[in-house]
Amino acid sequence: MSRKPNWKISFLLAILLTGLTYLVFWLEFKHNPQQEEAQLQLKKPFPLKDLQINNISIKTNENSFVFQCLDLDKNLCKPGDRSNWEVVSPIKLKADSSHIESLLSHLNKLTYKDTIDLSLESPKEKKVLLDDYGLSPSLIKTITVTTVSDSFTVKFGNKAPITNNHYLINEKDNSKVHLVGAHLANFFKKPLTHWRDKKIFAFSPHEVSAFSLDNKNGTITAKKENNRWLIKKDNSTSYNSGDIESIDRFLNAVSYIKTKEFATESKASVKSKKLLNNSKITVKFSFAKKDLNNKNEIKLEIFETQKKGKKGQSETDKLFAKVSNLDPLFELNKTTSKKFLKSLDDFRLTKLITSMERFSAKKLEFAGNPFGPTPVIIQSSNSDWNYAGGSKSKLLDKKKITSFLDKISGNPIKEFLSGKNIPPGEKKGIQFTLKADGDSIKRKFLFWKNKNKLYAKDLLSTKKEAFLIDLKLKNHIPWKKDFFETKETKK
């Protein structure tokens, strides 16, 4: 008599087998990426993943450079960390960290494309092959990367025939020659200038409390008081309001200036004097940081040498620069001087009112021919605008008032005019007064039109000047008495 199958046991076994199958697959796929990464690291002459780099050295028969990372204590100095570096050999200098990071990135990504096994070759044949590959002991072209816990040194050889790859040998296993991409060969050709920091200044715009700029347009003096810039030209005793955005852009551009070459290591040397012979100073620039006094301000002088052009006219040959707190004489790109070709108008505030004045405005007063003998005064109360002392039944268009204030607190000034350049028409203009709490007058302007252009004058300023205003503002100025009233009120 046959035994009946036990379906419960069969079902449990099936579930168990299915679970074991999933477990095997899970374990395989879980460890597969790790295994692939381990295999990839074996194909790299510089397996630097997650390793802190202490220093990198490049040696050839002509040059030897050593770069040291300065951020080990910050747990940086790994590939992609954007760490700070310095050149420690042949002389100690601040390094161009971006160039060191570029080298480190290339080293980290370098992989073997092919391998030639020399372990079975005789010593004589091996020597012949190494000489042929450009890897003989007499030829030095090595890169060493020293980490906190290990060191990796490889030697680069000639370019392989047909392919664009180069021969390489790893000092930890000199029985094999590998083929790698050719892009690293360029790093051996770089001079010291490439590796050292080429910025001639080390400051941020927000650190500057004052500066002076002397160029063909005159001398501009600027100082910061209560987070506002004040500027003047030449020997003027009165300051104009400076545009913080324009000044910050200028200072930011100056802070990133880099030298083209280090002409000499000492600006006081005989060679420097010869290079500057028959040159002329075209720019003088000085600035003071918040933590410096005027005696310790940093000064820049730009010298221009000239040559005869194709048409016999003089043109710029070279630009050199001296910086008061640095020793070298710098050669700059010819376009660098354009960063300093600024006039007073380039730094002046092009707003009629500041953002702070715009949002603190409590009363707006308009007077002039269109309004008759009685000015129009509107005031702010609980986020609404009404006629001052008038009937609140007359509704005012809040959007129009807001739009007017937005426009004049933008950058409507397009040009600064003086003397005969100021056009007539002021008598037919509109006088605008902005008041804050306590009825105190903050700003006062006169607007007028002339030949389809809009002009304004600051009535609180002692300067005899006017402004050419963006024509877009014209449609937001109340040329009529009921301009700010709603359509319902006008009816």
Side-chain angles (χ1 to χ4, degrees), residues 33-69 72 77-81 83 85 88-89 99-190 195:
Q34 298 174 355
Q35 293 171 353
E36 288 180 355
E37 179 62 30
Q39 290 296 319
L40 179 62
Q41 292 300 313
L42 291 175
K43 295 180 180 179
K44 290 185 172 186
F46 298 100
L48 304 176
K49 185 181 179 183
D50 299 329
L51 296 180
Q52 280 189 289
I53 314 302
N54 185 17
N55 60 65
I56 304 171
S57 70
I58 299 178
K59 293 182 180 180
T60 66
N61 289 87
E62 294 79 25
N63 295 306
S64 177
F65 305 120
V66 180
F67 318 118
Q68 185 168 337
C69 188
L72 285 171
C77 302
K78 297 184 287 291
D81 276 350
S83 309
W85 294 78
V88 294
S89 178
H99 285 177
I100 308 297
E101 288 292 319
S102 175
L103 169 64
L104 184 57
S105 176
H106 279 84
L107 294 176
N108 187 46
K109 294 176 183 177
L110 192 67
T111 57
Y112 301 136
K113 294 182 178 294
D114 203 354
T115 300
I116 303 170
D117 192 351
L118 302 181
S119 60
L120 300 178
E121 304 292 340
S122 65
K124 184 177 180 181
E125 185 61 29
K126 182 178 179 180
K127 181 180 180 305
V128 172
L129 289 172
L130 290 177
D131 289 345
D132 187 45
Y133 297 154
L135 297 171
S136 63
S138 60
L139 296 175
I140 301 173
K141 193 184 286 187
T142 63
I143 292 181
T144 300
V145 176
T146 303
T147 69
V148 174
S149 57
D150 206 345
S151 179
F152 308 93
T153 300
V154 298
K155 185 172 186 176
F156 289 80
N158 296 333
K159 183 179 177 182
I162 304 176
T163 68
N164 195 35
N165 298 323
H166 276 244
Y167 295 110
L168 172 150
I169 195 166
N170 194 320
E171 284 200 355
K172 289 187 176 181
D173 184 5
N174 59 14
S175 65
K176 295 176 182 177
V177 172
H178 306 278
L179 288 168
V180 294
H183 50 276
L184 267 178
N186 292 325
F187 288 105
F188 290 100
K189 303 174 184 177
K190 303 295 184 183
W195 301 112

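Because the structure is a prediction, the values reported are computed rather than measured.
Side chains of T60 and K189 form no contact here, defined as non-hydrogen atoms less than 4.5 Å apart. Using a 4.5 Å heavy-atom cutoff, the side chains of V88 and F67 are not in contact. L48 is listed as a side-chain neighbour of L104, based on a closest heavy-atom distance under 4.5 Å. You'll find the side chain of L168 reaches within 4.5 Å of the side chain of L110, heavy atoms only. Considering only heavy atoms from C-beta on, F152 stays 4.5 Å or farther from P45 through its side chain. For the pair F156/V180, a side-chain contact is recorded, criterion being any heavy-atom separation below 4.5 Å from C-beta on. Taking the side chain as every heavy atom from C-beta outward, Y133 and I116 approach each other to under 4.5 Å.
The line from CG of L130 to CD1 of I169 is 5.5 Å long, rounded to the nearest 0.5 Å. The structure places CG of L135 at 10.5 Å from CG of L129, a figure rounded to the nearest 0.5 Å. Considering CD1 of I58 and OG of S89, their distance stands at 11.5 Å, rounded to 0.5 Å. To the nearest 0.5 Å, the span separating CG on L103 from NZ on K190 amounts to 11.0 Å. Here CZ of F187 is found 10.0 Å from CD1 of I56. Values are rounded to the nearest 0.5 Å. Taken from CG in L179 to OH in Y167, the straight-line distance is 6.0 Å, to the nearest 0.5 Å.
The backbone N or O of L139 sits less than 3.5 Å from a side-chain atom of K155, completing a donor-acceptor pair.
The minimum heavy-atom distance between K78 and L51, with the atom names listed, is CG-O, 3.2 Å. Contact detail for G157 and H166: the closest heavy-atom pair is O-ND1, 3.3 Å. Taking every heavy atom of both residues into account, S83 and C77 meet most closely at OG-N, 2.8 Å.
When the side chain to side chain contact (heavy atoms under 4.5 Å, CB included) test is applied to T163, the partners found at least two apart in sequence or on another chain are A160, N165. Considering only residues two or more places apart in sequence or on other chains, D50 meets the side chain to side chain contact (heavy atoms under 4.5 Å, CB included) condition with none of them. Under the side chain to side chain contact (heavy atoms under 4.5 Å, CB included) criterion, D131 pairs with K127, S136, sequence neighbours left out. Residues satisfying the side chain to side chain donor-acceptor pair (under 3.5 Å) criterion with K126, sequence neighbours excluded, are absent altogether.
Using modelled atom types and a 3.5 Å distance limit, the side chains of N108 and K49 yield no donor-acceptor pair.
Sorted by first and then second residue, the salt bridge (charged side-chain N to carboxylate O under 4.0 Å, His left out) pairs with a member in residues 99-122 form an empty list; sequence neighbours excluded.
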Side-chain polar contacts of residues 143-150 - donor-acceptor pairs under 3.5 angstrom, sequence neighbours left out - could you list them?
| unit_1 | atom_1 | unit_2 | atom_2 | d |
| --- | --- | --- | --- | --- |
| T144 | OG1 | T153 | OG1 | 2.9 |
| T146 | OG1 | N55 | OD1 | 3.4 |
| T147 | OG1 | S149 | N | 3.3 |
| T147 | OG1 | D150 | N | 2.8 |
| T147 | OG1 | D150 | O | 3.0 |
| D150 | OD1 | K172 | NZ | 3.2 |
| D150 | OD2 | K172 | NZ | 3.2 |

- Task: Apply the test side chain to side chain contact (heavy atoms under 4.5 Å, CB included) to residues Y112 and N170: give CA-CA distance (whole Å), side-chain angles for both, the deciding distance (0.1 Å), then the verdict.
- Result: CA-CA 11 Å; Y112 301 136; N170 194 320; 3.3 Å; yes
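Atom NZ of K59 has 12 or fewer neighbouring heavy atoms from other residues, nucleotides or ligands inside a 6.0 Å radius.
Ring geometry, F65 versus W195: the interplanar angle falls from 30° to 60°, so the pair is classed tilted.
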